[in-house]
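Since the structure comes first, as structure tokens, the remarks are kept for the end.
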Protein chains: 2
Amino acid sequence: MTRPVKSKNKEDILDLAIPLFAQSGYTGVSMRDIASAVGIKAASLYHHFPDKQTLYLQAMARAFEDKAQGFATALTVTGTPEKRLAGFVQIFTTLMCKDPEFRALLQRELLDGDEVRLKKIASEVFREPFVAMEALADELAPGCDAHMVAISIASLILYHLETAPIRRYLPGGKARHNKPEVISRHVTGLLLHGLKGCGK
Amino acid sequence: MTRPVKSKNKEDILDLAIPLFAQSGYTGVSMRDIASAVGIKAASLYHHFPDKQTLYLQAMARAFEDKAQGFATALTVTGTPEKRLAGFVQIFTTLMCKDPEFRALLQRELLDGDEVRLKKIASEVFREPFVAMEALADELAPGCDAHMVAISIASLILYHLETAPIRRYLPGGKARHNKPEVISRHVTGLLLHGLKGCGK
DNA sequence: GTCTATAGCCGGATAGAC
DNA sequence: GTCTATCCGGCTATAGAC
């Protein structure tokens with residue numbers, strides 16, 4: 001006797017849609033694609049979501065939820081400001097290395113996201129850890145523009161990962177340049193001591 | 001007597017297609033959209049290009065050509081390694097600020113570009129200036145990983161611009177953070193002296 | 001070189017049976 | 001909650017007139 005296949009709930013559908021949107025973007029994914037990944041027909045999706053927009057927005061909400069908490073964890077390191085920076089960079093880099101889907105969705109939102117969506121991501125995902133980063137920046141470099149410093153720290157980590165597909169073809173590109181230990185070590189040295197410190 | 005509207009050549013079409021692809025990506029732009037921007041019917045595009053793929057690839061080739069030369073110019077500054085770095089950062093930042101289309105296309109290629117396209121962009125657009133950057137990196141920070149240093153420099157500049165849409169909604173974000181002078185000053189200080197130097 | 005017309009497919013979305 | 005069937009519009013691409 002065959003057991004009936006368990007019905008899918010909204011969360012299951014969103015979890016299957018997220019990697020598709022990360023891979024191909026909103027316009028690159030059809031309702032049929034999502035249905036096919038879930039193992040149902042496209043029409044059945046409309047029992048769970050009124051339209052594609054809504055499905056997408058809920059998938060984004062789910063993909064970004066709990067990220068704020070992960071980032072907050074990266075800022076719980078204690079000790080001197082230097083130690084806390086090193087700890088944050090290491091944990092944040094490892095987190096981002098493990099989550100290429102999150103990175104792709106963020107990149108796509110930066111390109112295509114409307115005001116409402118970006119505002120929501122800013123306040124619900126990044127605001128809290130960003131404020132903590134600014135506070136740390138102010139300790140490490142008093143008088144500097146804390147906003148720019150916080151962005152610079154994120155830049156160094158995220159752009160190394162974002163450029164991975166093309167760095168393969170640029171001189172000196174090695175596989176180890178994508179490892180979180182290598183990136184976080186480089187970034188920490190650079191932040192603390194400038195170019196002179198990046199071999200530390 | 002009305003003068004006949006001048007027929008469009010391939011280059012005119014590509015120049016009109018480039019901003020569309022930058023704005024909405026490959027799947028987000030239809031042949032009708034392009035035709036409409038050009039002022040002709042979609043069918044007429046097929047007189048110039050065999051298919052959409054080819055049109056897109058030629059538009060990319062055109063959007064990226066001559067960029068290598070612009071980057072090379074940024075590296076012609078003479079003087080101490082520090083002066084040359086400062087000069088490069090300033091010129092490169094100004095160039096990138098003025099060309100949001102190029103930045104968007106690059107971001108989209110990093111997300112969606114296949115191996116062949118990325119390899120081509122790497123060798124034809126970035127290779128030469130990248131090598132020069134690595135040489136400069138080696139002077140400024142001998143013994144460091146020049147590849148990582150070159151990427152870090154680009155990161156700092158490009159990510160400040162890439163994140164502009166969301167930085168508006170993050171604490172401390174000001175309009176001046178998008179100005180090339182402000183960015184290049186911050187980046188140069190950070191590179192030369194670490195966080196302590198970014199207020200220089 | 002551009003047009004009209006159209007083929008043929010794929011997209012989002014709905015109706016109604018089970 | 002999922003299905004089949006279907007609508008309709010948009011998509012790429014082609015044929016052939018001008």
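Quick caveat: nothing in here was measured; it's all calculated off a predicted structure. Below, read A as the first sequence line, B as the second, and so on, with proteins coming before strands; counting in each chain starts at 1.
- With rounding to whole Å, B:I34 atom CD1 is found 11 Å from D:dA13 atom P.
- Near DNA chain C, meaning a heavy atom under 4.0 Å away, the residues from residues 19-32 of chain A are A:V29, A:S30, A:M31, A:R32.
- Contacts between residues 46-57 of chain B and DNA chain C, defined by a heavy-atom separation below 4.0 Å, involve B:H47, B:H48, listed by number.
- Applying the side-chain hydrogen bond (donor to acceptor under 3.5 Å, both in side chains) definition to pairs two or more places apart or across chains, those involving residues 114-137 of chain A are A:E109-A:R117.
- If you chain together ILVMFWY residues whose side-chain heavy atoms come under 4.5 Å of each other, A:L111 ends up grouped with B:L111.
- Pairs of residues two or more places apart, or lying in two chains, that qualify as ring pair (Phe, Tyr, Trp, His ring centres under 6.0 Å) and include a residue from residues 22-42 of chain B are B:Y26-B:Y56.
- When the side-chain contact (heavy atoms from CB on, under 4.5 Å) test is applied to B:T80, the partners found at least two apart in sequence or on another chain are B:E82, B:K83.
- Under the ring pair (Phe, Tyr, Trp, His ring centres under 6.0 Å) criterion, A:H177 pairs with B:H147, sequence neighbours left out.
- There is a side-chain donor-acceptor pair under 3.5 Å between A:S152 and B:H186.
- Residues forming a ring pair (Phe, Tyr, Trp, His ring centres under 6.0 Å) with A:F92 (at least two apart in sequence, or on another chain): A:F71, A:F88.
- With sequence neighbours excluded, no residue forms a side-chain hydrogen bond (donor to acceptor under 3.5 Å, both in side chains) with B:E11.
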Using atom types as modelled, flag every donor-acceptor pair under 3.5 Å from a side chain in residues 59-70 of chain A to any protein atom, sequence neighbours excluded.
{"from": "A:R62", "atom 1": "NE", "to": "A:D15", "atom 2": "OD1", "distance (Å)": "2.6"}
{"from": "A:R62", "atom 1": "NE", "to": "A:D15", "atom 2": "OD2", "distance (Å)": "3.4"}
{"from": "A:R62", "atom 1": "NH2", "to": "A:D15", "atom 2": "OD2", "distance (Å)": "3.0"}
{"from": "A:K67", "atom 1": "NZ", "to": "A:D99", "atom 2": "OD2", "distance (Å)": "2.6"}

For nucleotides 3-5 of chain C, list the nitrogen or oxygen atoms of the protein found under 3.5 Å from its nitrogen or oxygen atoms, one pair per line.
{"from": "C:dC3", "atom 1": "OP2", "to": "B:K41", "atom 2": "N", "distance (Å)": "2.5"}
{"from": "C:dC3", "atom 1": "OP2", "to": "B:S44", "atom 2": "OG", "distance (Å)": "3.0"}

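- Taking a 4.5 Å side-chain heavy-atom cut-off between Ile, Leu, Val, Met, Phe, Trp and Tyr, the cluster of A:I91 extends to A:V77.
- One can place CG of A:L45 at 11 Å from C1' of D:dG1, the figure rounded to the nearest angstrom.
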